[in-house]
Structures are given as C-alpha cells and as structure tokens.
Amino acid sequence: MAENQNNMSQGDFEEMLDLEKARLSEIKEKKLTKTDRWLNYLGFPLGIIIFALIFFMPTPDGLMVSGQIVLACFALALTWWLTEPLPTHVTSMVLICLLIVLGGWDEKNVLGVLGLDVIWLNIGAFILCSVLVVSGVAKRVAMILILKYGKGAMSAVFAFFLVQLVLAPLIPATAARTVMTLPLMLLVAAIFGSTGGNPNNFGRFLLLHNLHGISIFSSAFITGSTCNIIAAGLIFVMSGERIFYTDWMFGALPVAILMMLASWWIGGKLIFRMSEKESKPQVSGGKEALKKELDKMGPWTFTEKKAGVIFIVVILLWVTDRWHMPVLGFEISLIVTALIGAAIALWPKAGIINWNKADVPWHLLIFSAGAYAGGLALNATDAARWIVSMGFDRLDLVGRQPNFWVVYTIIVAFMAYAGYFFTSKTMRTLIFIPFVVILAQELGYNPVWLALPGAFTLCWVIGLPFNAKPNLILYATGQFSVMDNFYYGFVVKTIGIILLVIFGMTWFRILGITPPFGF
Amino acid sequence: MILYKHLLSTLVAIIVFGGSVFANDLLAPDSVLVYNEKIVIVENGDAEVTVTVHVAATEPGTYIVPLNSQKAQNVTQVTRSPVQISVVEDRGVKFLGVTFPEDPAGINEPIVLTYNLPGFYVYEKQRKDNLGRIRFSYTFDNTVPANIKEYMLTVLFIDPYNVHFVGELTNIVRGRSSSFDAINVITDHDLGKRGFRVIKEDLAYRKSSSIRVELVARSVSVLFLLALLAFGAWAVFYYRDHLEDTGEERQLVKGLE
C-alpha cells in the first residue's frame, strides 16, 4: 500500500516516459526555493552595480576601451546567468544588445555568432536526439539499461559513468557524445521520477554527472579534444618537448577516473542526496513493471531499426573522420555529419520525423549565441588575455621565486578555475599555454612540468552552462539550475586540483611529467 | 591618408636607394640598436615628437638613420654629447644624420632629439573622413640599409581619447589581421594622457611597422549612470513580491524529508 502511494500509477509512468510531450523547446516552470528567490531578487541590481563599476572605472593600462565595455557587459550577463533574475536567453539578448549599442564589438560580428558552427552543431544534435525519442530507440535502450544496472540510483548513474569512459577515446567530439546519450539520460531520469518541469535530485545528479563524464574523460586522452592536441603542439613548438599519446594518457587517465569516482560518490551521497523514493525507479510494480513495459514494446520495429541505422552511420562518420580524406577524397566535419543525419531523418517518407517533431530549443540557441558573443568579444578585444596576464602579474611568481610545488599548485588551480570565464577551450589553450611555458622558462623549469599538468585541466569545463557545448545541451533539459551546475562543478574541480597536486608529487615524477625525486 | 604617404615615401626610398649608396659621404650604420619614437598629439592636432636613437660606430663619420616624418620642424638635439645629430637630405629624402667625432671609441649612448609636426592628426577631420569613426594609422619604414634591433613607438592622444579598437575592425571572429603589429594600451601618468605602445624587434631594411587603431572619447555619462542605478532601484521595488513564499519548495530541500 505504502509502495503504491510512493510510486506512480502505470498511466503516469507511461506519460512520464513519453518524452515527445516533455519537449526541450518548451520552457518549464521552475519551483524556487527561498535561496533561489533571494538570488533572483538581488541578482538584478547586483548585475547592474558590477556593470557600472567596471564600465565607469578609468580604463586600466593594457586594456582597450572596447575590452572594458565587453568586460562590463560580460560581468553583468554572468551575474544574471548565475542568479537568474531573467531567463538565461533574455539575459543573452540583453548582452547582445549592450555589446552592439555600447560599441564593445561590431554588430556584424555579434549577430554573426548565431551562424557559428557550434550553433549548427546544436541544431543537428537536437534533431538527432528527437529521432531517438520519436522512434522509441531511446526508451527501449534506457529500459534495458535500467533493468540491467538499475538496482538503485547510484548503480544506474555508474552505468553512465562506464558508458562515457568507453565513448571518450572513440568519439573525440563532446557534443556528439552528449547527443548520443542525452535521450537515455532523460528516459532514465524520468523512470526515477525526474522531469524537466519537476526535476528531483536524481535528475540533477544524473545529468550533471554525465556532463562531468563527457568533459573530464576528454581530458584523459590527447585525442579527447582539439584543445589537448593544440596544447601538446604549443608545448612542442615553444619548448621542443614532444608529448606522446601514452605520456598524456598515463598521466591524465588515472586522475580523470579518480575525479569521476569522486564526482559519482560526492554527487550522489552529499551534494544531491536522494530520498529513499528518489533512489528507486518510480513505477508501480518496480522492475517487473518495467520488464512488462519492455515486453509490451515487442521486437525492434522498422522505425527503430531505421533510426538505429541512421545513428550508426552518423557515429561511424564521427569515429572515422581521420580516414575521410584518404578514402573519400573529401572530409565530412563533425557538424556536417550531424546535419547529414538530420537531413536523412527529416527526409519525406523515407525519414523518421517531420519538422514539427524535431525538438529544437531555440531559447537555448539564443542563450548560446549570447554566451558565445560575449566570449568571442572578450577574445577579440584582448580583454581575456588582459585578465590572464593581470592575474599572472599580480602573482609575480618570477619575482617571488616560490617553491616549485607552490608554483605548480597555483598554475593548475588558476587554469582549472579560469574555465568558468571562457566559452571556448581552444581560446583558453591559446592564451594559457604560452603564458605557462614562458613562465616555466623564466623560472628555470622544464616547461612540461607546469604546462602539461595545466593542460590536463583544459577540458574540465564543468562549471557553467555556457562553458562548453555539452553543458548547453544538457542545461536545455531543465533538469538542473545554473547554481547546481556551478556548485557541483566547483567541488569536483577542486578535487581534481588536489588530485593533480598529489599525482604531481608522486606518479607524475615517475612518468617524468614533473621534476624527478630529489629535485 | 597618412598610410599612403608613408607607402609613397617608402617607394621613393627604395627607388632612390636601391643600391644603398649615399651621396655627401653619408654612411649606413651596421645596425641601429634602438630607435624610439614618442609622439604626443596636442589639442590643435600638432604633434611633439621625441626620438631616441642609439647607433654604435667604430669609425668617425655621419651615419644616417630613418626620419619617418619628412615634415619635421624645429629638430633639436636634447642630449649633450660629442655625437651630433642633424637632418640631412639625400636626393630629396630627409634622414637623421648622426655624426661621430674623430675618435668614436667609448661613445656608446643614445641621443635624444625632438621636433614638431604641425597638423599631424586633427580629430574632427578624421571623424569626417571616416564617417564618424576616429581612426589613427601610422607606419614606420626602415629606409636605411641597416637592421633596427629594437623599434618602439609610443603615441599619446589628447584627453579623453583612448584606444577603442586595434587593427581590422571586421572579421575578427576568425582572428585579427596579421599585417598590423600588436599594441599595448598605456597611460602616461606624467602627462595624464592615454595612448599605445608598439615594440618591434629586428626591423630589417625596407621593412615597416604598421598599426591602425580606432579611438573613442572616454567620458563618464552621468545621465547613463543615473539611469542604470534608477533601473536597478526600480527592479528592487517592482519585484519585491518575488520574495514571498509561495509554499513551493524545490526537491533539493523537499526530497530529504
């Protein structure tokens, strides 16, 4: 009887699993805590005060006026994105308008951001995601996953941990991995009673832990992200030290795995503590009912098979990108691959969905465009570089000549936390790595000792929704707030920094990544 | 316009000194160690230029170094030194002639000179010429067959003008045009002026250093500031009911009951 009260009826359950009704393009009404309400209320004037302080201060040396304007606008938007007095997409619109009107960046450039590859990738990704939902593939795979690993919340989330670990070396594109696993996340979240309109702690934990997995496992492999390859290239060009695939993997993979284990345990047990009800699939009759539901779906339908084939083709094109040129004579980029998949899925009669079924959340794309415009403007006006150089100047590491491990910790922490203020890992790489290599040379250290551990943090973009593409895609689900993202990300990043310091003093010394014992 | 003039002077220099043989016993130095230009623009558009040049010589004679502004007036040597500096002309092109005495041994110091450039940069004219945008471009050409080891340009504008943007103003998404040198925005606290500095190392013969910036008059708009603060105050008043407890708590709290 008690179980029946806690769990939902079969009708509710089917309703919950029907993701076609819980569309990402519809903004869900959020229920606010008292803290949320205070943040919303104070965030608005706070943003204005921060904006005014930066905008009206005398232009500091090294900063152009346009950079100062962009900095003020971005600080306003950042405050509003964090405290959410306005919906995030409205804040982005305000940011876009301010950048243009105040002369922070050219109108052509600001508005042109909506045509960037990242926006197109998001559109393709959401269409592919709709294909998996509409065809029923997502529902089927999610139920198989839960039946196999879904004894409880922790084991269900751990299954995703393993999925992300396996996918990371195979598919370098984080957005692609997000798209592949998003429908499964949503279905599993729904089975545990968490929906976009009414998220619970399981939903927050599942989505954000996956976000951590997608980003942190990318840091484990040199091919995990373009920024890793650029970082290794910069280290080689500037210092002559070549970083091999195994150098990177042996150093970064153990850190990534331990970091993710910490994220899994802390997320589920401390940050998003779940009630007994949330820890179990919320369906009347428990696993038996799920099994019945799966049986009811019968064998794989033709539509499901078709969706599976489209998805396999897309994944194959993503995985084999390095062989496109020699085999095909031309290259199909990640974005074009997603669009090809989307076009096939939308093909009249032969496809799977029509445009009305494609769930493209335009509010999220506007949010992304604003965030990217702000980030790119910070870069174009050199304001980002100015902040970084000011930070290094203030630390005055060359003048103070501190102990190597103090420098090491500062660099690793600085690079990890700086991820909060950037929208692009590549930009962060291009700004930070040369600074760190030069600093190491001035201090008389091998540049690898500081630059490589610092480079391991480049993919830790787990702090805010606009820090990376997967964050934006997952944020659109309405399963977590900006503050949830910030707080959980901050804790896990801090653990990562501690791990890098411990590894730096021990394992990395054996690998030759940090100074040998006795240095 | 200024850019074209410099390009023209470069062309003249290349045509005239293609063989790098100078008249009037003028010599080309092996290298110029330092060449600093500091251009301070004043209210009426005139500029006061200070040039610091350091040429090392082992033999007596007059060595030429570039004089970037052919309209320089009142050239005056500031530092007292056995080395004398003057404007020399060769086949219609003006240079700075650095004359070392009979025995140049032991003389190893930079020489400072100043000159004026009337009508160098008139803000309002620039605004009219560039459809409201105030742009400033400057190119320094090394017209002497010697490597300049360190070239530094400092330009200071009248208050409240400051550097708004650098280089090409469009297509920055894909990276800034590499044809312009990187600049550093500075404030000269002694003069109370803002401007920029460019440092270029190893500027070889016939090479140039080019910059282009857009300027803006930075002034605090009290009206804008008041409007912002009023907007914030309005929001505090208008949304005060947002703090009222609606009885709906998020799962973050509720789930732990």
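On a predicted model such as this, the values are computed, not experimentally measured, just so you know. Chain naming here is simple, since letters A, B, ... match the order of the sequence lines and numbering starts at 1 in each.
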Any donor-acceptor pair under 3.5 Å from B:Ser208 side chain to B:Thr139 backbone: no

Short N-O contact, B:Asp188 and B:Lys193, less than 4.0 angstrom: no

Contacting moiety of A:Phe51, where chain B heavy atoms sit under 4.5 Å: side chain

Contact class of B:Val236 relative to chain A, heavy atoms under 4.5 angstrom: both

Under 4.5 Å from a heavy atom of chain A, the part of B:Arg194 involved: side chain

Which portion of A:Leu42 sits near chain B, non-hydrogen atoms under 4.5 angstrom: neither

Trace of the side-chain hydrogen bond (donor to acceptor under 3.5 Å, both in side chains) decision for B:Glu37 with B:Tyr138: CA-CA 12 Å; B:Glu37 282 185 295; B:Tyr138 190 81; 2.9 Å; yes

Chain B contacts, top residue of A:Gly62, A:Gly203, A:Pro45, A:Pro60 (heavy-atom pairs, under 4.5 Å): A:Gly62

Most chain B-contacting option - heavy-atom pairs closer than 4.5 Å, from A:Ala377, A:Ala52, A:Gly103: A:Gly103

Neighbour count above 12 (heavy atom, 6.0 Å) for B:Asp30 CG: no

B:Thr154, B:Asn184, B:Leu215, B:Val213 screened by side-chain contact (heavy atoms from CB on, under 4.5 Å) with B:Phe196, the one that passes: B:Val213

